[in-house]
Amino acid sequence: MENVHYQKIWHTVLQIPVGKVASYGQIADLAGLPGRARLVGKALGYAPKELAVPWYRVLRSDRSLAFPAGSDTAKRQRELLQDEGVLLRNNRVRKEDLWQPDLAELLFKLKY
DNA sequence: ACATTGACAAGAT
DNA sequence: GATCTTGCCAATG
């Protein structure tokens with residue numbers, strides 16, 4: 001898989017701090033790919049394991065988990081998030097846990 | 001080329 | 001919020 005966009009997406013997701021979450025659309029925007037929220041999910045699915053991309057810190061714009069509630073993946077995601085202190089109430093995270101990146105700092109980091 | 005598919009989003013109800 | 005409906009757009013077949 002040699003899609004250029006995937007790299008940008010992975011690196012952007014890598015910037016999400018521990019204990020914070022971001023939406024697919026937000027990541028797409030930050031990665032310079034506005035309107036491509038759906039591509040983010042796909043990219044995460046292809047993310048190489050050795051990159052350790054925190055896929056579980058990405059969820060829907062309404063702050064709900066993207067996987068079917070009760071599915072194994074959803075359970076694992078919920079667990080990983082709670083281990084970082086992100087609490088879920090009925091498959092939704094609190095808005096205080098949303099990532100609000102400083103653009104200047106972020107763009108600097110993504111230069112590499 | 002053409003059609004379908006998505007780990008989505010925004011607006012309306 | 002919860003549900004629906006429409007819009008989206010690259011990737012895939």
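As a basis for the values below, the full set of heavy atoms in this structure was taken, side chains included, without hydrogen atoms, waters or symmetry mates. By convention in this document, chain letters (A, B, ...) are assigned in the order of the sequence lines, proteins followed by strands, and residues within each chain are numbered from 1.
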query: Tell me: CD of A:Q7 to C1' of C:dA10, nearest whole Å?
result: 17 Å
- line: Shortest non-hydrogen pair, A:I27 vs A:A22, comes out as CD1-CB, 3.8 Å
task: Measure from the side-chain N and O atoms of A:R60 to the backbone N and O of A:L65, and report whether any donor-acceptor pair falls under 3.5 Å.
output: yes
- request: Taking heavy atoms of chain A and a 4.0 Å limit, find me the 5'-most and 3'-most nucleotide of DNA chain B within that range.
  value: B:dG6 to B:dA10
- request: Please state whether the rings of A:W55 and A:F67 are parallel, tilted or perpendicular, taking 30° and 60° as the class boundaries.
  value: perpendicular
- prompt: Rounding to a whole Å, what distance do you find between A:R92:CZ and C:dT3:P?
  reply: 10 Å
- prompt: A:R89 near the nucleic acid: base, sugar-phosphate alone, or nothing, with a heavy-atom cut-off under 4.0 Å?
  reply: nothing
- request: Check whether any side-chain heavy atom of A:L107 sits under 4.5 Å from a side-chain heavy atom of A:K111, and report yes or no.
  value: no
message: Just to be sure I understand the rule, does A:S23 reach a base, reach only the sugar-phosphate, or reach nothing, if contact means heavy atoms closer than 4.0 Å?
response: sugar-phosphate
- line: When rounded to whole Å, the CG to C1' distance for the pair A:L39 and C:dT12 reads 12 Å
field: d(CZ, A:R60; P, C:dT3) in whole Å
entry: 12 Å
message: Could you check whether any side-chain N or O of A:Q15 sits under 3.5 Å from a backbone N or O of A:H11, counting only pairs where one atom can act as donor and the other as acceptor?
response: yes
query: Reckon A:R38 touches a base, only the sugar-phosphate, or nothing at all at heavy-atom distances under 4.0 Å?
result: base
- line: From NZ of A:K42 across to C1' of C:dT12 the rounded distance in Å is 7 Å
Residue that, paired with A:V58, satisfies side chain to side chain contact (heavy atoms under 4.5 Å, CB included) out of A:I16, A:T12, A:I9: A:I16
query: When the distance from CG of A:L65 to P of C:dG1 is rounded to whole Å, what number comes out?
result: 14 Å
